Amino acid sequence: MTTDVTTPKTTGALVAMKLRPSPVLQEKLLHLGKTFLANVVPPIVVLAGLLALWEFLCADPASTLPAPSRVISDTWELIVNPFYDHGGNDLGLGWQILASLERVAYGYALAVIAGISLGVLVGKSNWAMRGLDPIFQVLRTVPPLAWLPISLAAFQASAPSAIFVIFITAIWPIIINTAVGVRNIPDDYRNVARVVRLNGFENFTKIMLPAAAPYIFSGLRIGIGLSWLAIVAAEMLIGGVGIGFFIWDAWNASMISDIVLALIYVGIVGFLLDRMVGFIGNRVTRGTSA
Amino acid sequence: MSNHYLSIENVQKTFGRGPEALNVLKDINLTVDRGEYIAIIGHSGCGKSTVLNVVAGLLDASAGGVILDGKEVNQPGPDRSLVFQNHSLLPWLTVYENVALAVNKVCAKTMNKAERKEWILKNLDMVGMSHALDQLPTQISGGMKQRVGIARALAMEPKVLLLDEPFGALDALTRAHLQDEVMRIQADLNNTVMMITHDVDEAVLLSDRIVMMTNGPSATIGEILDIKLPRPRDRIALAEDPEYNHYRREVLRFLHEKQRKVKPLQKAPPAEPARQAQQA
Ligand SMILES: Nc1ncnc2c1ncn2[C@@H]1O[C@H](COP(=O)(O)OP(=O)(O)OP(=O)(O)O)[C@@H](O)[C@H]1O
Ligand SMILES: [Mg+2]
């Protein structure tokens with residue numbers, strides 16, 4: 001009996017301690033609710049309008065593209081079973097997207113490490129800046145897919161080639177933004193570091209990285225967007241499991257509804273990736289990054 | 001060889017080389033005793049910050065040198081802490097963390113963790129910032145930022161405290177308030193201070209000596225005025241004080257008669273006909 005009574009009480013107290021409803025917090029929540037409504041209602045209205053228009057335009061059974069209702073009925077199996085596994089490449093869309101995300105994760109992680117390091121180098125050293133910057137400026141304009149043949153030739157395998165394409169796509173904005181961020185660290189911050197005599201490592205972690213973080217994160221955000229753009233195109237060419245090849249396969253099988261569904265998923269995942277990096281950036285820089 | 005606490009000896013500073021070289025400072029000689037409060041005043045651009053940065057070790061003198069407590073200054077260090085005009089708090093750190101960054105580094109060997117924490121809190125309390133420990137610099141006012149900057153500088157227990165127009169960006173009321181605070185802290189700690197200012201009243205009110213600099217280029221020390229007003233000083237009582245007003249007048253006379261910034265008016269007339277000719 002006593003335990004039955006005390007247990008909920010303790011949990012209640014714990015919850016109350018965590019979510020201490022201070023007046024400031026309440027006001028914040030109210031404000032959040034309002035901005036949520038103001039931000040969510042317009043897109044829903046516009047989306048409904050566009051869907052209606054699409055439905056109307058493709059209502060004719062002979063139309064080349066399926067109407068939204070057709071898309072849903074054609075792809076219902078895919079929608080409700082994102083994680084089926086019929087062997088081979090015949091996997092649910094969830095698996096396809098996870099496979100693409102895995103490639104992006106490897107390529108992007110490498111790009112983050114190499115990009116920030118090179119960016120700091122270019123930002124710190126005038127010599128590195130003069131030597132490397134022109135090369136970067138030329139290489140960054142090369143379209144991602146143009147790297148694919150050469151990486152296939154180098155790696156002789158499709159998996160590392162796709163990862164390399166992601167890496168080489170994402171790295172330029174990360175390098176360039178990091179370099180600009182490091183160059184733009186105000187002298188005052190350096191002077192603070194000099195007066196308290198921070199050593200090289202402390203200066204790097206306590207002054208340079210946080211001071212350049214808003215720039216670094218805008219580079220990271222551009223980088224993740226480009227990676228996702230590139231992976232879909234790269235997978236169309238290399239085949240195997242992945243959302244890009246799924247789209248290509250659906251096109252070959254003339255399953256246009258599948259393509260439409262896949263495009264929607266690609267868009268949503270890309271959006272979430274962008275927001276995720278933005279969110280982390282916001283957390284790390286305590287609101288000073290965009 | 002002088003036996004003063006801080007001595008600036010024949011300091012000269014030239015920026016750049018060759019034909020572009022700009023000689024900013026020439027023959028700066030100044031000695032400061034322990035516990036003395038020095039104000040440096042002079043027109044904008046004459047080289048006041050340059051002097052302070054040489055003392056701080058952030059800039060190397062082109063010739064001459066600075067000796068502090070028997071040792072030559074050749075690099076920046078916590079024994080010469082600075083408060084900048086634009087506060088220069090690190091925006092990603094809270095008020096507490098900004099002071100902690102300095103204290104944890106500078107006092108790492110002399111204090112344990114708990115002592116350092118107490119020391120940080122004590123210094124923030126001294127400038128009246130205990131209520132905002134977890135605020136970010138963007139969330140507090142300009143006056144508060146300057147207080148935190150002062151707390152950070154004081155927490156390093158510097159041999160000389162260097163203030164570069166610490167209150168320049170503040171409104172008159174906040175400035176007066178902070179000046180009183182600095183006088184109170186100074187009465188307690190008896191630091192050696194060099195402060196740059198543009199404000200004649202501030203200079204007379206706060207300092208033991210006012211160093212007046214001539215206009216650049218090749219600026220040097222024009223006059224030094226001893227302020228023999230008794231402490232503690234009260235701004236309201238001093239407003240009527242003939243001695244105070246005498247000092248004020250001396251500084252104003254130096255700045256506006258002897259070192260007046262003469263604008264070359266002769267250059268203006270030729271521009272007029274040219275513009276008329278263009279219009280015609
Ligand atoms: N790093 C630098 N390189 C070249 N010239 C400089 C540099 N720093 C300062 N100067 C020049 O030295 C002169 C003095 O500058 P300083 O900042 O010391 O003036 P100041 O007296 O502090 O002026 P203010 O009251 O406006 O702050 C100026 O003419 C300035 O242009
Ligand atoms: Mg200055």
Side-chain angles (χ1 to χ4, degrees), chain A residues 18 20 22-25 27-28 31 116 120 123 126 177-178 180-220 277-290, chain B residues 49 52-60 73-95 97-109 116 120 134-139 145 148-149 152-162 164 169:
Chain A
K18 272 186 182 158
R20 202 180 306 144
S22 67
V24 185
L25 190 72
E27 197 146 284
K28 260 190 181 167
H31 179 74
I116 293 179
V120 168
N126 278 326
N177 279 277
T178 304
V180 171
V182 170
R183 285 202 164 249
N184 281 341
I185 297 175
D187 281 342
D188 282 352
Y189 301 171
R190 290 184 213 278
N191 287 344
V192 169
R194 290 175 69 194
V195 168
V196 304
R197 295 207 180 132
L198 295 183
N199 61 36
F201 178 73
E202 289 166 329
N203 188 25
F204 181 72
T205 55
K206 293 188 175 172
I207 306 285
M208 212 169 3
L209 279 189
Y215 289 88
I216 295 177
F217 272 97
S218 66
L220 293 181
V277 175
F279 176 79
I280 296 171
N282 222 321
R283 269 308 178 78
V284 172
T285 62
R286 292 188 170 163
T288 51
S289 99
Chain B
S49 297
L52 214 66
N53 284 330
V54 168
V55 175
L58 292 168
L59 284 176
D60 289 328
V73 163
N74 47 22
Q75 62 163 331
D79 56 342
R80 284 151 286 128
S81 60
L82 279 147
V83 175
F84 302 87
Q85 173 166 10
N86 45 357
H87 72 78
S88 74
L89 298 180
L90 304 174
W92 58 88
L93 297 180
T94 64
V95 164
E97 290 165 342
N98 262 289
V99 181
L101 178 84
V103 169
N104 287 338
K105 180 69 190 175
V106 174
C107 309
K109 294 206 182 87
R116 290 201 297 263
I120 296 163
D134 297 324
Q135 308 264 42
L136 291 172
T138 47
Q139 297 167 328
K145 285 179 210 165
V148 179
R152 179 173 65 185
L154 288 174
M156 296 183 224
E157 297 193 283
K159 290 178 176 167
V160 201
L161 181 61
L162 304 171
D164 192 348

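Here the structure is a predicted model, which means the values were calculated and not measured. Residue numbering restarts at 1 for every chain, and letters A, B, ... go by the order of the sequence lines.
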From [atom1] ([X]) to [atom2] ([Y]), nearest 0.5 Å:
{"X": "B:L59", "Y": "A:N191", "atom1": "CG", "atom2": "CG", "result": "8.5 Å"}
{"X": "A:R190", "Y": "B:L58", "atom1": "CZ", "atom2": "CG", "result": "12.5 Å"}
{"X": "B:L90", "Y": "A:K206", "atom1": "CG", "atom2": "NZ", "result": "11.0 Å"}

Which pair of heavy atoms, one from [X] and one from [Y], lies closest together, and at what distance?
{"X": "A:V192", "Y": "B:F84", "result": "CG2-CE1, 4.5 Å"}
{"X": "A:Y189", "Y": "B:L89", "result": "CE2-O, 3.8 Å"}
{"X": "B:P76", "Y": "A:R197", "result": "O-NE, 2.9 Å"}

Closest-packed option against chain A by number of heavy-atom pairs under 4.5 Å, given B:A56, B:P158, B:S81, B:G77
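Most pairs with chain A among the choices: B:G77.
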Output the option from B:Q75, B:K105, B:R80 having the highest count of non-hydrogen pairs under 4.5 Å with chain A.
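Between B:Q75, B:K105, B:R80, the count favours B:K105.
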Student check: side-chain heavy atoms of A:V195 and B:L82 closer than 4.5 Å
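Answer yes - side chains close enough.
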Side chain, backbone, both or neither: which part of B:R152 has a non-hydrogen atom closer than 4.5 Å to chain A?
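It is the side chain, since no backbone atom gets that close.
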Considering only heavy atoms, which portion of B:Q85 lies under 4.5 Å from any heavy atom of chain A: side chain, backbone, both, or neither?
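For B:Q85, no heavy atom lies under 4.5 Å from chain A.
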Looking only at heavy atoms and a cut-off of under 4.5 Å, which of A:A211, A:P186, A:A193 has the most pairs with chain B?
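Most heavy-atom pairs under 4.5 Å with chain B: A:A211.
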Using non-hydrogen atoms and a 4.5 Å limit, figure out which bit of A:D187 sits close to chain B: side chain, backbone, both or neither.
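Contact with chain B is absent: no heavy atom of A:D187 under 4.5 Å.
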